[in-house]
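Presented below is the structure to which this report refers.
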Amino acid sequence: MHADITSMLGLDVYTQKGIFVGRVDDAVIDPEQGIVSGLALGNINKELFDHKGKGVVIPYRLVTAIGDIILMRHLTRNGQANREDE
Amino acid sequence: MAKVYAGDIAGKAVVTIEGTVMGDVDNMIFDVNTGILVDLVIKPDAELNRQKYRVEGKFILVPFSSVCAVRDYIVVDDNRAIKK
């Protein structure tokens with residue numbers, strides 16, 4: 001399935017376990033490989049990310065579905081991302 | 001070439017290797033599953049011969065594989081950009 005870059009902008013990103021990650025501000029392009037290499041997120045979930053910056057870039061390979069929202073893999077290696085253990 | 005934000009590419013001028021101005025980047029089309037960029041959506045210059053390219057509404061589509069460089073301008077290889 002093909003989609004426009006601009007159609008992703010403003011979509012909310014959740015993990016597959018339903019945790020809100022952030023909102024898509026921009027896409028990161030690798031012109032050499034001709035791929036979308038990442039998504040730049042703003043309005044990020046402060047509980048997930050332990051830094052003060054405005055946003056984060058998530059690798060596009062973690063994205064599993066794009067529709068009305070965007071789903072990405074739930075990373076358990078990051079202790080803060082794994083809310084079930086709390 | 002370093003990685004760039006899509007928002008920085010949008011609105012940039014597209015020129016061919018020969019130096020012809022094609023227009024401005026409006027959007028990009030990519031494959032949702034692989035992330036591979038498929039097409040560049042260009043708002044064509046008024047003087048451009050659109051017949052050579054795939055036309056979609058008031059835009060033209062150029063395969064991303066024809067893109068040679070992305071810097072201050074987007075440089076496109078015209079031979080690979082024209083529709084077969």
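Just so it is clear, the values below take in all heavy atoms, side chains as well, and ignore hydrogens, waters and symmetry mates. First the proteins, then the strands, lettered A, B, ... as listed; each starts at 1.
- Side-chain atoms of B:L37 and A:I35, non-hydrogen and from C-beta on, never get closer than 4.5 Å to each other.
- Under the 4.5 Å side-chain criterion, counting only non-hydrogen atoms from C-beta, B:V4 is not in contact with A:V28.
- Within residues 2-14 of chain A, the residues having any heavy atom under 4.5 Å from a heavy atom of chain B are, by residue number, A:H2, A:A3, A:D4, A:I5, A:T6, A:M8.
- A:M72 and A:M1 fall within a single hydrophobic cluster, where Ile, Leu, Val, Met, Phe, Trp and Tyr are joined by side-chain heavy atoms under 4.5 Å apart, directly or via other members.
- Contacts between A:V63 and chain B at a heavy-atom distance below 4.5 Å are absent for every atom of the residue.
- Contact between B:D31 and A:Y60 at its shortest, heavy atoms only, is O-OH, 4.1 Å.
- Under the 4.5 Å side-chain heavy-atom criterion for grouping Ile, Leu, Val, Met, Phe, Trp and Tyr, B:Y73 is not connected to B:V62 through any hydrophobic cluster.
- Scanning all heavy atoms of the two residues, the minimum distance from A:P31 to B:K3 falls at CD-CA, 4.4 Å.
- Residues of residues 19-30 of chain B that come within less than 4.5 angstrom of chain A, heavy atom to heavy atom, are B:N27, B:M28, B:I29, B:F30 in numerical order.
- Across A:A40 and B:Y5, no two heavy atoms sit closer than the pair CB-CE2, 3.7 Å.
- For a residue to count as touching a neighbouring chain, one of its non-hydrogen atoms must lie under 4.5 Å from one of that chain's; by this rule B:I74 does not touch chain A.
- Contact annotation for B:S65: neither backbone nor side-chain heavy atoms come within less than 4.5 Å of a heavy atom of chain A.
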